[in-house]
Q: 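Supplied in C-alpha cells, the structure appears directly below.
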Amino acid sequence: SEKEYFVTLKIVPLFLLPGVHVREDIPREIATAQAEIGHTIEIDLCPYLGSYEGLIKIISHQFLMYPQDARIIVSHGSRRQGGNDSVEAIATQLKAKVAYWSIKPSLSQQVHAFVKQGQQRITIVPYFFTLYVTVLVSPYVIIFAVVILFTIFLIDGSSIHTIANP
C-alpha cells in the first residue's frame, strides 16, 4: 500500500561540515523516529547548512570588505578522512589558507607562516556559526531562526582588530 503522510517535518542539520553527526548520527536518529511514529508524519532530511552553495558568497564578501595581503579561513576541523574537504575547497576558491581549531595547521601556525613571508595585513574569517533561536509557538507552528555570524579579525602589522558582524 502507498504511504499516506499528513504532515512533513523537514530537518536541516545546522552543521557547516559533513562530519559524523551529519553522515551517521542524524540519519540514524531520523530512521529511529520515523519507525516509532509511523506514517502520520514524514521526516525529510534536508542537506546540511554547510552544503548551501550561497555560503561561499557570504565568506567572499567578508574578505572583500577589508584589504589584505593574506587570507585565512579558520574552522573547527575534523580528524575524519574527507571531513575537511568542503572547507578546503572553499579556501582554494577564495585563495585563502585554512587553519583549524582542533587539528593542524593551527591558526597561530598559519599566521606565523604569513608573517614570516612578510605579509602584514592578514584577514581571518572563522568558519563557525552562532545560533540564535527564536521560537514562535502556535498549535501548528514552531519556527527556528538561525543567524550565521562571522567575526572578522584583521592583523595589521603587530595589532589585531576584531570586527564583529560587519
Side-chain angles (χ1 to χ4, degrees), residues 10-33 43-135 144-166:
K10 300 227 178 238
I11 299 191
V12 178
L14 299 179
F15 291 89
L16 294 174
L17 299 174
V20 69
H21 297 310
V22 169
R23 291 185 177 160
E24 299 171 18
D25 297 341
I26 294 171
R28 181 180 57 246
E29 291 300 318
I30 288 174
T32 300
I43 304 175
D44 184 17
L45 178 59
C46 299
Y48 66 98
L49 184 65
S51 65
Y52 170 63
E53 290 180 13
L55 198 55
I56 193 164
K57 290 179 185 176
I58 295 169
I59 297 168
S60 176
H61 177 72
Q62 301 303 310
F63 279 128
L64 293 174
M65 291 176 62
Y66 306 100
Q68 74 262 163
D69 301 320
R71 298 173 168 188
I72 299 174
I73 296 175
V74 64
S75 174
H76 183 275
S78 173
R79 290 178 179 84
R80 295 180 66 100
Q81 184 162 357
N84 300 311
D85 290 352
S86 58
V87 73
E88 295 279 349
I90 290 170
T92 299
Q93 235 180 316
L94 297 176
K95 297 176 176 44
K97 296 287 186 183
V98 180
Y100 297 103
W101 181 7
S102 62
I103 60 173
K104 291 182 180 182
S106 70
L107 180 57
S108 63
Q109 289 171 322
Q110 294 292 50
V111 168
H112 287 294
F114 278 133
V115 170
K116 192 173 182 179
Q117 295 170 9
Q119 308 297 336
Q120 293 295 308
R121 295 177 300 170
I122 303 168
T123 301
I124 302 166
V125 177
Y127 192 63
F128 296 95
F129 71 88
T130 302
L131 176 64
Y132 287 89
V133 181
T134 304
V135 182
F144 296 94
V146 178
V147 178
I148 298 176
L149 301 177
F150 293 95
T151 302
I152 310 300
F153 298 92
L154 298 178
I155 299 178
D156 190 0
S158 62
S159 60
I160 298 177
H161 310 280
T162 304
I163 300 121
N165 256 350

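None of these values were measured; they are calculated from a predicted model.
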Q: On a heavy-atom basis, which atom in R71 and which in F63 lie closest, and how many Å separate them?
A: CB-CE2, 3.5 Å
Q: Quick check: closest heavy atoms across V111 and I122, and the distance to 0.1 Å?
A: O-CD1, 4.2 Å
Q: Where do V87 and L16 land on the side chain to side chain contact (heavy atoms under 4.5 Å, CB included) test, with the steps shown first?
A: CA-CA 9 Å; V87 73; L16 294 174; over 6 Å; no
Q: Any idea which heavy atoms bring P47 and V12 closest together, and the distance?
A: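 Closest pair (atom of P47, atom of V12, distance): O-CG1, 3.7 Å.
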Q: In Å and rounded to the nearest 0.5 Å, what is the CD1 to NZ distance from I43 to K10?
A: 12.5 Å
Q: Could you check whether atom CD of E53 has more than 12 heavy atoms from other residues, nucleotides or ligands sitting under 6.0 Å from it?
A: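 No, because the 6.0 Å sphere around CD of E53 holds 12 heavy atoms or fewer from other groups.
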Q: What distance separates I56 CD1 from S86 OG, expressed to the nearest 0.5 Å?
A: 10.5 Å
Q: Quick one: are H61 and M65 in side-chain contact, heavy atoms under 4.5 Å?
A: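 Yes, at least one pair of side-chain atoms sits under 4.5 Å.
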Q: Quick one: which of Q117, R121, K116 gives a side chain to side chain contact (heavy atoms under 4.5 Å, CB included) with Q119?
A: Q117
Q: Determine, step by step, whether V125 and Y66 satisfy the side chain to side chain contact (heavy atoms under 4.5 Å, CB included) criterion, reporting the C-alpha distance in whole Å, the side-chain angles of both residues, the deciding distance to 0.1 Å, and the verdict.
A: CA-CA 11 Å; V125 177; Y66 306 100; over 6 Å; no
Q: How many angstroms lie between CG in D85 and CZ in R80, if you round to the nearest 0.5 Å?
A: 12.0 Å
Q: Is there a side-chain contact between N84 and V98 (heavy atoms, below 4.5 Å)?
A: no
Q: Which heavy atom of P18 sits nearest to which heavy atom of G83, and what is that distance?
A: CD-O, 4.3 Å
Q: Specify the closest pair of heavy atoms between Y48 and L17, including all atoms of both residues, with the distance to one decimal.
A: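 The answer is CE1-C, 4.0 Å.
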Q: Scan Y127, W101, F15 and name whichever one has a side chain to side chain contact (heavy atoms under 4.5 Å, CB included) with H76.
A: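 Testing H76 for a side chain to side chain contact (heavy atoms under 4.5 Å, CB included) against Y127, W101, F15 leaves exactly one candidate, W101.
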Q: Nearest 0.5 Å, please: how far is OH in Y100 from CD1 in I73?
A: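 That separation rounds to 9.5 Å.
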Q: So, taking the atom named NE2 in H112 and the one named CG in L107, what distance separates them when rounded to the nearest 0.5 Å?
A: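 Rounded to the nearest 0.5 Å, the NE2-CG separation comes out at 9.0 Å.
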